[in-house]
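Predicted model only: the values in this text are computed from it and were never measured.
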Amino acid sequence: MAQRKPYNPNTKYGRQKLREQSDKDYANMTPQERQEQDSISTWVMVIILVVIGGFIYLIGGSGALLKWASR
């Protein structure tokens, strides 16, 4: 049987199918794999927030950083 062409992530249908596949893959993971995946996601979010905070501090100073953080 011929292998199916991958979905185009630039279309609404393609994004939907890729999201469904990702949800299905996550549901089939073992608890240890899920914990590892969640741990990686958490660290990526922390790094992104630190980079954004540093950029705001460089552009606007500590007042702008405090205003951004208080939202």
Exercise. Look up atom CD1 in I59 and atom CG in L65, then write down how far apart they are to the nearest 0.5 Å.
Key: 12.0 Å
Practice problem: List, by chain and number, the other hydrophobic cluster members for Y26, where Ile, Leu, Val, Met, Phe, Trp and Tyr join if side-chain heavy atoms come within less than 4.5 Å, directly or indirectly. | Solution: M29
Quiz item: Do I52 and V44 share a hydrophobic cluster (ILVMFWY, side-chain heavy atoms under 4.5 Å, transitive)?
Solution: yes
Quiz item: Within the side chain of R19, is there an N or O that forms a donor-acceptor pair under 3.5 Å with the backbone of G14?
Solution: no
Quiz item: Taking a hydrophobic cluster as the set of Ile, Leu, Val, Met, Phe, Trp and Tyr residues connected by side-chain heavy atoms closer than 4.5 Å, whether directly or through intermediates, do I56 and L66 fall within one such cluster?
Solution: no
Quiz item: If you round to the nearest 0.5 Å, how far is CG of L18 from CG of D23?
Solution: 11.0 Å
Exercise. Treating Ile, Leu, Val, Met, Phe, Trp and Tyr as nodes and any side-chain heavy-atom pair under 4.5 angstrom as an edge, say whether L49 and I40 lie in one connected cluster.
Key: yes
Practice problem: Please name all residues satisfying side-chain hydrogen bond (donor to acceptor under 3.5 Å, both in side chains) with Q37, sequence neighbours left out, ordered by chain then number. | Solution: none
Quiz item: With sequence neighbours left out, what residues match E20 under salt bridge (charged side-chain N to carboxylate O under 4.0 Å, His left out)?
Solution: K17
Practice problem: Flag yes if more than 12 heavy atoms outside E36 fall under 6.0 Å of its CD atom; otherwise flag no. | Solution: no
Quiz prompt | Nearest-0.5 Å distance, OH of residue Y7 to CZ of residue R15 | solution = 14.5 Å
Quiz item: Should W43 and V51 be counted in the same cluster of Ile, Leu, Val, Met, Phe, Trp and Tyr side chains packed under 4.5 Å apart?
Solution: no
